[in-house]
Amino acid sequence: MKKFVPALILIGGHLVFDAQAQQGNPQMGARPLAMGNTEVVTDDSWGMFNNPGTLSQNNSNTLLFGYNMFYGLEGFGTVAAGYHQNIGSGVAGVGFYRFGDDLFNETIVSGVFSNRFGIAGLGARINYIQYQIQDFGSGGTVTLDFGGFTEVTPKVFVGASITNITQSYLSKLEDQRLPTTMEAGISLRPSAEVIVNFVASQILGYEAVYRAGLEYLIIDGLALRSGFQVDPQKLYFGLGLNLEKFTIDITTYNNPYLGFANQLSVTYTP
């Protein structure tokens, strides 16, 4: 029976694939999610879960917490927490991510380091990923992710990342690998109040997906965000509130087949 566990884990992962538990690629943070899930070019603290290269842009010690509820389905909740701080010329962090319930769950524990070199930032993340299915057991593996983020001009930034560059297996016997995802994008910032992102994302073996997002700072500390993804179509909307030490972001997004999902994320900078 044990040889069926990796297959069941991958099947379970595909069932929740549209719910963003993308098998080792957690993609958390309500701010980048509201902007069409264009996290590869969104340089905030949630880069430690997304593009580790963007984390180099952060120079504050920060605690993070996020929660995502997918389409009102019981057992489809995600929780994430993390902490990053400056270490020498770089930024290091640890993160925890869990999707699912006792029937099926995915748990990821990560260590991240990012460093800035002039106008560019490079980062790496190592993950231990475990899947568990009730009555069938569990399987785990280690993956490695890389990312970069560069300021082309003060108003133009580009970013790129690759997850599971090691193409790690859940089971070599069954030749079942975790997906490898490549993303690249551009962020246009014509003013201090406006950010426009464009991203292309591809899981090896699948067609590329294209996303775009917008952030508009309505007043100091209050941001309005929106974005979309094509094929499969998704629409995203969100708000962000930046207080003195806390940042609170909320997002709702729509899948035409599954309905609405919501994410809340909070960061605290002492």
Side-chain angles (χ1 to χ4, degrees), residues 25-35 37-69 77-99 107-128 145-149 151 154 157 159 161 187 189 192-193 195 197 213 215-225 238-251 262-270:
N25 188 7
Q27 294 183 303
M28 289 295 294
R31 182 188 178 217
L33 184 64
M35 300 169 68
N37 202 13
T38 56
E39 77 290 332
V40 73
V41 287
T42 305
D43 51 330
D44 61 11
S45 291
W46 290 98
M48 64 180 299
F49 287 91
N50 303 316
N51 175 3
T54 64
L55 192 61
S56 64
Q57 309 299 305
N58 291 267
N59 56 10
S60 300
N61 300 342
T62 304
L63 288 165
L64 305 89
F65 174 79
Y67 178 74
N68 203 343
M69 175 53 71
T78 297
V79 63
Y83 174 75
H84 67 75
Q85 69 174 39
N86 291 345
I87 295 182
S89 62
V91 181
V94 292
F96 173 83
Y97 168 95
R98 180 181 169 90
F99 169 86
T107 301
I108 305 175
V109 179
S110 303
V112 186
F113 183 77
S114 187
N115 204 358
R116 186 165 182 169
F117 306 91
I119 62 172
L122 296 174
R125 178 173 57 241
I126 187 169
N127 315 285
Y128 176 72
D145 310 327
F146 285 102
F149 186 74
E151 177 185 339
F157 297 78
S161 68
S187 180
R189 305 177 184 188
E193 294 78 26
I195 298 176
N197 294 341
E215 177 179 83
Y216 176 63
L217 191 64
I218 303 172
I219 59 174
D220 189 30
L222 180 62
L224 176 66
R225 305 177 182 119
L239 290 171
L241 181 61
N242 188 359
L243 305 175
E244 183 177 354
K245 293 185 177 182
F246 287 92
T247 299
I248 303 170
D249 299 301
I250 57 172
T251 296
N262 305 283
Q263 185 172 137
L264 167 71
S265 62
V266 178
T267 63
Y268 172 69
T269 303

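For this chain, numbers begin at 1 and follow the sequence in order. Here the structure is a predicted model, which is why all the values come from computation and not from measurement.
Looking at residues two or more places apart in sequence or on another chain, you find no side chain to side chain donor-acceptor pair (under 3.5 Å) involving Asn61. Under the rule for a side chain to side chain donor-acceptor pair (under 3.5 Å), the partners of Arg225 that lie at least two apart in sequence or sit in another chain are Glu215, Asp249. For Thr54, the side-chain contact (heavy atoms from CB on, under 4.5 Å) partners at least two apart in sequence or on another chain are Asp43, Asn51, Phe149. Under the side chain to side chain donor-acceptor pair (under 3.5 Å) criterion, Ser161 pairs with no residue, sequence neighbours left out. Applying the side-chain contact (heavy atoms from CB on, under 4.5 Å) criterion to Glu151, with sequence neighbours excluded, gives Arg116, Ile119, Pro154, Phe157. With sequence neighbours excluded, the residues satisfying side-chain contact (heavy atoms from CB on, under 4.5 Å) with Leu122 are Phe117. Remark: Leu243 pairs with Leu241, Phe246 by the side-chain contact (heavy atoms from CB on, under 4.5 Å) rule, at least two apart or across chains.
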Discussion item. Run Leu264 and Ile248 through side-chain contact (heavy atoms from CB on, under 4.5 Å) and show every step you take.
Written reply: CA-CA 7 Å; Leu264 167 71; Ile248 303 170; 3.9 Å; yes
Item to complete: Check step by step if side-chain contact (heavy atoms from CB on, under 4.5 Å) holds for Leu224 and Leu239.
Response: CA-CA 5 Å; Leu224 176 66; Leu239 290 171; 3.7 Å; yes
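Each salt bridge (charged side-chain N to carboxylate O under 4.0 Å, His left out) pair with one or both residues in residues 46-63, not counting sequence neighbours, would appear here, but there are none.
Summarising the geometry of Gly147 relative to Pro52, their closest heavy-atom pair is N-CG, 3.8 Å, with the distance given to 0.1 Å. Smallest separation of non-hydrogen atoms from Gly90 and Phe113: CA-CZ, 3.9 Å. Across every non-hydrogen atom of Asn197 and Ser187, the tightest pair is OD1-OG, 2.7 Å. The minimum heavy-atom distance between Val91 and Asn58, with the atom names listed, is CG2-O, 3.2 Å. Across Ala34 and Thr251, no two heavy atoms sit closer than the pair CB-OG1, 3.2 Å.
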Ignoring hydrogens and angles, write down the donor-acceptor pairs under 3.5 Å from the side chains of residues 79-89, residues two or more places apart or on other chains.
residue: Tyr83; atom: OH; partner: Gln85; partner atom: OE1; Å: 2.9
residue: His84; atom: ND1; partner: Ser60; partner atom: O; Å: 3.4
residue: His84; atom: NE2; partner: Ser45; partner atom: OG; Å: 2.8
residue: Asn86; atom: ND2; partner: Asn59; partner atom: O; Å: 3.0
residue: Ser89; atom: OG; partner: Asn115; partner atom: OD1; Å: 3.3
residue: Ser89; atom: OG; partner: Asn115; partner atom: ND2; Å: 3.4

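Interatomic distance, Gln57 CD to Thr42 OG1, rounded to the nearest 0.5 Å: 12.0 Å. The OG atom of Ser265 sits 14.0 Å away from the OH atom of Tyr67 when rounded to the nearest 0.5 Å. Rounding to the nearest 0.5 Å places CG of Asn262 at 8.0 Å from CG of Asn68. Taken to the nearest 0.5 Å, the CD1 atom of Ile195 stands 5.0 Å off from the CZ atom of Arg31. In this structure, CE on Met28 lies 8.0 Å from CZ on Phe65, to the nearest 0.5 angstrom. Put simply, CZ on Phe49 and CG on Asn127 are 10.0 Å apart, with the number rounded to the nearest 0.5 Å.
Side chain of Arg125 to main chain of Asn50: a donor-acceptor pair is present (N/O by atom type, distance under 3.5 Å, no hydrogens or angles). Checked by atom type and distance alone, the side chain of Gln263 pairs as donor or acceptor with a backbone atom of Gly29 at under 3.5 Å. A distance-only check finds a donor-acceptor pair linking the side chain of Ser114 to the backbone of Ser56 [under 3.5 Å].
Within the 4.5 Å cutoff, no side-chain heavy atoms of Thr107 are placed close to those of Tyr128.
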